[in-house]
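Down below is the structure, laid out as C-alpha cells.
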Amino acid sequence: MPALGRRTAERTAVRGVRAPAGALQAVLLDMDGTLVDTEGVWWETEVEVFAELGHELAEEHREVVVGGPMSRSATYLIQATGADISLAELTVLLNSRFIERVGRGVELMPGARRLLTELAAHGVPAALVSASHREVIDRVLVSLGAEHFALSVAGDEVERTKPHPDPYVVAASRLGADPARCVVVEDTVTGVASAEAAGCPVVAVPSVAPIESAAGRTVVPSLEEVDLAFLRSLVTVAH
C-alpha cells in the first residue's frame, strides 16, 4: 500500500470506535459520484480510449459500467464493442488516462465538504470506501483532504470488491465498528448492494442511474440533504 493510503489507514485501524449503545459509530462513504464528481470523468475517459481503439460507446453502456469495479466495467466494454485489447491492457490504459485527468483536480459534489467537516468536528470517524484502485484514491484524496478520513479502502486491496460486501466489512472491521451502526453513503446500485450485503444502513444519492427506496435504505437527491443528525437518526431507527 502506498505511503499515503497506509498512513491514513493506520490512524485508527487498530482502535475500536467508542459510542453510546445504539449510536452511530462511523460513516463509510463511496468516492466516485458520491463525494467527487468523477463518474462523468470516468465515462469521458472510457469514451476517449475506445474512440482511439476505433469504437464508439453508446450512452446505454454508461448505466451498466457506473459504479462498477474496473475489471467488471472493462470486461463489459470489451465484450460490448469487440475491441481488440486484453483486459489487463485496457485496465492499465483507463487507469493511467483517468489519473492524468484527476491529477488536475476534481470537483466535489454539493454538500460533500460541509458533511466531511461536520463529521470531523464531532469526532465521528469517516472511511472512504471505493472500487477505484489505490493510486486513483490517493490522487483524489488530494482534493478531498486525506485528513477527513480515518482510513480508506481501495478496490484493489480487497479480495472481492463491490457489489460484494467485502469493502464495507473491511472498513468497519478496521475501525472496530459494528456494520449495523455504520451508515454508508453511496450513489450507485452496485455500491448500495455492497453496503447492504455488509449489513449497513444506507443513504443513496443517485448520480447516473436511479435507485429505489427500500427497507434500511434512504434515497435523497443530494448530499446537501445529509447532515450528522440525519445520519444518527438512521441508526436509531435501525435499532
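Since this is a predicted model, take the numbers as computed values, not measurements. Hydrogens, waters and symmetry mates play no part in the numbers below; they use all other heavy atoms, side chains included.
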Results of side chain to side chain donor-acceptor pair (under 3.5 Å) for Glu196 - residues two or more places apart only: Arg217
Partner residues of Glu100 under the side chain to side chain donor-acceptor pair (under 3.5 Å) criterion, sequence neighbours left out: none
side-chain contact (heavy atoms from CB on, under 4.5 Å) against Val106, all qualifying residues, sequence neighbours excluded: Val36, Thr38, Val102, Val140, Ser143
Pairing residues for Arg62 by the side chain to side chain donor-acceptor pair (under 3.5 Å) criterion, not counting sequence neighbours: none
Partner set under side-chain contact (heavy atoms from CB on, under 4.5 Å) for Ala172, not counting sequence neighbours: Pro179, Cys182
Arg160: salt bridge (charged side-chain N to carboxylate O under 4.0 Å, His left out) partners, not counting sequence neighbours: Asp166
Glu52: side-chain contact (heavy atoms from CB on, under 4.5 Å) partners, not counting sequence neighbours: Glu48, Arg97
Within residues 82-95 or reaching into it, pairs that qualify as salt bridge (Lys or Arg N to Asp or Glu O under 4.0 Å) - sequence neighbours excluded: none
His55: ring pair (Phe, Tyr, Trp, His ring centres under 6.0 Å) partners, not counting sequence neighbours: none
Pairs where residues 117-131 contributes a residue and the test salt bridge (Lys or Arg N to Asp or Glu O under 4.0 Å) is met, not counting sequence neighbours: Arg114-Glu118
Less than 3.5 Å apart, which donor and acceptor atoms pair up between the side chains of residues 223-231 and the rest of the protein, not counting sequence neighbours?
residue : atom : partner : partner atom : Å
Asp227  : OD1  : Ala229  : N            : 3.4
Asp227  : OD1  : Phe230  : N            : 2.9

Which residues share a side chain to side chain donor-acceptor pair (under 3.5 Å) with Glu60, sequence neighbours left out: none
Asp187 backbone acceptor or donor facing Thr34 side chain under 3.5 Å: yes
